[in-house]
Amino acid sequence: MNNKNYATKLIDISISSNKKNILNNINYIFLTFRKDKNNNYKVDSSDNLISKDEIKEINSFLQKNNKQWSAQETVYYCNTKILSGVPIILIYLSNTTNKKAYDFQPSDNYILKESIANATRNLIKDMQKDIDLLILSQIDNKLSIQNIYKGVQLGAYKFNLYLTNNNKYKLSALIFSNNIELSKDSKMIKRAENECSSIYVSRDLINTPANDLTPKKFAKYISNDLTSIKNLKCNILDKEELTKKGYNGILGVGQGSVNEPVLVHLQYKGAKSGPTVALVGKGITYDSGGLSLKPSNAMISMKCDMSGAAAAYAITRTIALSNININIDCWLPIAENMLSGSSIRPSDIVKIYNNKTVEINNTDAEGRIILADALSRASEDKPEYIIDIATLTGAMVVALGEKTIGVVSNNNKLKEIITKSAKHVDEKLWHMPLVEELQFHYKSNIADLSNCHLTNRYAGGISAATFLYNFIDNDIKWAHFDIAGPAFNDSSPHGSTPSGGTGSAIATIIELCNQLSTKEEL
Ligand code: BES
Ligand code: ZN
Ligand code: ZN
């Protein structure tokens, strides 16, 4: 991970509306199909590239034996008379449910993205040569091209950086649309490219094990990556500076590890008079629990405990690359939560950056301690918004499952925009309440606060947010994203979600910043 070129590369994707010679050198074609009003399966006609007769032939194949296709199913089809005999992968675009009252009904574009992602992953699974892929679908708006683009990029991601016999074959794709004039260099595709490359960065960082991603190496990765992003300023505070400035939460959590903690600060000024959003991401490179040690099974995926920091960085990076009209202050407290003779102990008291003292009842509730320092530092500059992202609590996973982000916020209008942004990019997210009464969890007899109730574990996800709220200044609009469930997928890949680090919350928060950049004050 030391080498700046050591990163998963994006797929080369072009967009064309010129059908001349388009089939030259193509190895595979993706062609989508749907069910029409009369329950007949029909291929998406692809803007005159396929003749009426060819379409008829494929449709009758799809209709054969009255087979019912299941949602997102793909089928291999090859016919010398059709599209010069290039092998076609037919992809059925359908919702997985017909019950319309479920929350998070997928949009057509989401189904398109997820189906293309699945088909792409299957196509490159056992690749034996370079593949040039042509993608044909019913493209009637720019958003569908963007979703096909994202589907290919996100579905093609695989964390191969540690495989000595890595597959060296390359996939290139061409999206054909006769309807929509959109080039590879258009703003919309550039934004998707920036977002996908940043999601790749976050996935690589999350998947890199903690022996190769120490806090300092994480910071180094960022400063190397920034050499190609000119409008982003970076300052890295090491142990000495953290000590001088009183970041005792970050220092306390990190003191048991031989790998010293850091605080990374990134600044992007994209708007002279526009709002400033402070992004704060939890960066625990490994969470063993510390002296309040985790059981071994709970520890196994804990290299992912820096997913919040990886997401905050990915968002900042995308916004800077896309020159979005907003100011970003990104704070990444990064530490390793280990146990040793120098570890922080249950019963120790630390003085947070804002001078509040916290008694540590449980060293496994470490995320809120490092966030306390970073949130108070972010609050000091009085940004309009603070958004924090963290794999904060197992309790949020118990509440919402592994696929849904839990959000807690102190501002109703901000909540509305968050809901809208998540819907726009089809991420599953649910608002949870901010309950003042839960502050009793954090009463300490000898310090201003404790970090965790000794016995009461009810509502652990939202009570953790209540703790964080102690470090947010009164008039700042704040939202806390708990991604403990969706940040890391420890089962099989599906759609645009790979195994391992996923890049959860990145698309939603980029869209949120995009919306805030064009809105007046809430
Ligand atoms: N990093 C964990 C939360 C977590 C759990 C992330 C599962 C990803 C998947 C966090 O630091 C933690 O250990 N939280 C404790 C808090 C408790 C001690 C109050 C938890 O959730 O059990
Ligand atoms: Zn923990
Ligand atoms: Zn943790």
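Remember, it's 1-based here, ligands and their atoms both numbered in the order they're listed. Since this is a predicted model, take the numbers as computed values, not measurements.
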Hey, could you give me the OG/CD1 distance between S517 and I328, rounded to the nearest 0.5 Å? 9.5 Å
Using a strict 4.0 Å cut-off to heavy atoms of K282, name the atoms of ligand 1 that fall inside it. 1 (N), 10 (C), 11 (O)
Closest non-hydrogen protein atom to atom 18 (C) of ligand 1, residue and atom name please, with distance? N362 ND2, 3.5 Å
Please identify which atoms of ligand 1 are closer than 4.0 Å to at least one heavy atom of M302. 1 (N), 4 (C), 5 (C), 6 (C), 7 (C), 8 (C), 9 (C)
The atoms of ligand 1 lying under 4.0 Å from a heavy atom of D287, numbered in the order shown, are 1 (N), 2 (C), 10 (C), 11 (O), 13 (O)
Below a 4.0 angstrom heavy-atom separation, can you tell me which part of D364, side chain or backbone, both or neither, approaches ligand 1? both
Taking Q105 for its side chain and K99 for its backbone only, find out whether a donor-acceptor pair lies under 3.5 Å. yes
Return the orientation label for the W331 and H265 ring planes: parallel under 30°, perpendicular over 60°, tilted otherwise. parallel
When the ring planes of F471 and F467 are compared, do they come out parallel, tilted or perpendicular, using 30° and 60° as the limits? tilted
Please write down residue, atom name and distance for the protein heavy atom closest to atom 10 (C) of ligand 1. L392 O, 3.3 Å
Under 4.0 Å from a heavy atom of G394: which atoms of ligand 1 are those, numbered in the order shown and with their elements? 3 (C), 5 (C), 20 (C), 21 (O)
Using a 4.0 Å cut-off to any heavy atom of K294, which atoms of ligand 1 qualify? 2 (C), 12 (C), 13 (O)
For ligand 1, is any non-hydrogen atom under 4.0 Å from H453's backbone (N, CA, C, O), its side chain (CB onward), both, or neither? neither
Quick one: does T393 get within less than 4.0 Å of ligand 1, heavy atoms only? yes
For the Zn ion (ligand 2), what is the closest N, O or S atom on D287? OD2
Can you tell me if Y221 and D204 form a side-chain donor-acceptor pair at under 3.5 Å? no
For the residue pair F440 and H453, does the interplanar ring angle fall in the parallel (under 30°), tilted (30 to 60°) or perpendicular (over 60°) class? perpendicular
Could you check whether any side-chain N or O of N248 sits under 3.5 Å from a backbone N or O of K351, counting only pairs where one atom can act as donor and the other as acceptor? yes
Where is the nearest protein heavy atom to atom 16 (C) of ligand 1: which residue, which atom, and how far? R368 NH2, 3.9 Å
Kindly indicate, with the supporting measurements, whether the criterion side-chain hydrogen bond (donor to acceptor under 3.5 Å, both in side chains) is fulfilled by R368 and T393. CA-CA 10 Å; R368 61 196 75 184; T393 65; over 6 Å; no
Could you tell me whether any N, O or S atom belonging to E366 is less than 2.8 Å from the Zn ion (ligand 3)? yes
With a 4.0 Å cut-off, strictly under, does atom 22 (O) of ligand 1 pick up any protein heavy atom? no
Using a strict cut-off of 4.0 Å, indicate which atoms of ligand 1 neighbour a heavy atom of C452. 19 (C)
Salt bridge (charged side-chain N to carboxylate O under 4.0 Å, His left out) with K382: which of D329, D473, D475? D473
Distance to the ring centre below 6.0 angstrom and angle to the axis at most 45 degrees; does that hold for R203 and Y157? yes
Which atom, among the N/O/S set of D305, is closest to the Zn ion (ligand 3)? OD2
With distance as the sole test, does E427 use its side chain to make a donor-acceptor pair with the main-chain N or O of T508 at under 3.5 Å? yes
Is A365 close enough that one of its N/O/S atoms sits under 2.8 Å from the Zn ion (ligand 3)? no
In ligand 1, the atoms that come under 4.0 Å of a heavy atom of E366 are 11 (O)
